4 protein chains.
Amino acid sequence: MFLSIDTHDPRSIYQQVADGIKALIARGELAEGAALPPVRQLAADLGVNLNTIATAYRELQREGLLTVKHGSGAMVASRTLRKALTELVLAGLPKSKILRLVMDELRMVMKGAR
Amino acid sequence: MFLSIDTHDPRSIYQQVADGIKALIARGELAEGAALPPVRQLAADLGVNLNTIATAYRELQREGLLTVKHGSGAMVASRTLRKALTELVLAGLPKSKILRLVMDELRMVMKGAR
Amino acid sequence: MFLSIDTHDPRSIYQQVADGIKALIARGELAEGAALPPVRQLAADLGVNLNTIATAYRELQREGLLTVKHGSGAMVASRTLRKALTELVLAGLPKSKILRLVMDELRMVMKGAR
Amino acid sequence: MFLSIDTHDPRSIYQQVADGIKALIARGELAEGAALPPVRQLAADLGVNLNTIATAYRELQREGLLTVKHGSGAMVASRTLRKALTELVLAGLPKSKILRLVMDELRMVMKGAR
DNA sequence: GTGGTCTAGACCACG
DNA sequence: GTGGTCTAGACCACC
């Protein structure tokens, strides 16, 4: 991940980090589903505090760009996936049916990908 | 479902049924995720044999337009969903990670739909 | 604006105009914040004297239904806005704090409306 | 302000504080426009760290329940005010006209309150 | 005076 | 291992 921090930038550090990650996602350099570096590692790489990165990740999660899970890191959320699921939810499908669809599609897609 | 069968049509009946359903899906009259009538019911409605409909459904399933499950009928597949899942599979994500993403996004989407 | 004057109406003309505008506001045809036609234009449209319209506008302003300003015409007052401001005044907030609240909320509202 | 922290509560402290303030607002014990205690003071009162309270305030601000301003503290936002301003913005009024309305209404309201 | 942010270091919860 | 939170204390920016 190529992120840089500019101490002359009027934005706060965590904001620069959040904006930087947003830009990477927007440019496709961080693909949907890609894993982000652990908070501690990125903090070390950038030479900033762990909490600063955690704040950036939290902001991105709040905006729905990141999927963060305790114990297994953060990954870039999939807008396409969200769009598809939103369609199905709005169509009134119960969660169980949606999951069935997902499992079926996934099985078919992974078979094709062998 | 508005499907009609023309005995003068050179196409076989199951093909007419399959093509008719494709057209309904293409026109959006059968939305992604929508349930199709049970094989027996559609056969009765159209006055054709049960196996004819089953063959049509099988063809549509083979083409990926339908998701068919023993005991719970057929439903229109979601192209958007497939596209999203394909992206993630091609990105090299293991099934487990993809399912985590799906669950996370689904939770977020359903929360917003309250 | 659809206003009509009836010379057989026992009410005075300015009263008919004022009542007519009140009715337009009540029916929502003149929304809160909407601009009213200039005094001269409305007078010409209705074929009455300029002062008659001015009197009607003054009455509506006195009743708090219109906000009139030298040089920039009249507009329909916002009952909701007045209610909100009244609340804050009664809560003892000084004008400066209220204006700060207004500016903050306005900034937030206009951002969301982008 | 009556807030209490329960160390046995599974929610994080900042979440308890944020929820507590939300409840106070919902019950009307913190009126619209009311000032909240300074971050440092509330932190001292509750015996927690300054940052913990700051996090709670930030969350409430993000949700639009608080108006926070550098150097002059936090106050409860006015939902009524926001609703009124939203109406006017959606009606297409430019910021300048809206502010004129506000000033006019405010002048009228404060005169009545004398 | 006010809130905003950052750091260093700690402990917890999750998997 | 991962992120989440809290603390203590610092400095900055705004008014």
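In the text below, chain A, chain B and the rest are named by the order of the sequence lines, each starting its count at 1. None of the values given here were measured: they were computed from a predicted structure.
Note: CG (A/L46) to P (E/dT7) measures 10 Å, nearest angstrom. E/dG1 atom P lies 13 Å from atom CG of D/L50, rounded to whole Å. Atom CG in A/N49 sits about 17 Å away from atom P in F/dG9, given to the nearest Å. The distance from atom CZ of A/R58 to atom C1' of E/dT5 is 13 Å, rounded to the nearest whole Å. With rounding to whole Å, B/L99 atom CG is found 16 Å from E/dG15 atom P. Put simply, CD1 on D/I53 is 13 Å from P on F/dA8, counting in whole angstrom units. Note: CZ (C/R100) to P (F/dC14) measures 15 Å, nearest angstrom.
Side-chain N/O atoms of A/Y57 include none lying less than 4.0 angstrom from OP1 or OP2 on F/dG3.
D/R27 forms no cation-pi arrangement with D/F2, by the criterion of a distance under 6.0 Å to the ring centre and an angle within 45° of the ring axis.
Side-chain atoms of D/T80 and C/E87 include a donor-acceptor pair closer than 3.5 Å.
Counting non-hydrogen atoms under 4.0 angstrom, A/I13 reaches the backbone sugars and phosphates but no base.
Mapping A/S12 and D/G71 onto DNA chain E by nearest heavy atom places D/G71 closer to the 5' end of the strand. Residues A/A54 and A/S72 each lie close to DNA chain F; by heavy-atom proximity, the contact nearer the 5' end of the strand is made by A/S72.
One cannot find a donor-acceptor pair under 3.5 Å joining the base of E/dG3 and the side-chain atoms of D/N51. Between the base of E/dG3 and the side chain of D/R40 there is a donor-acceptor pair shorter than 3.5 Å.
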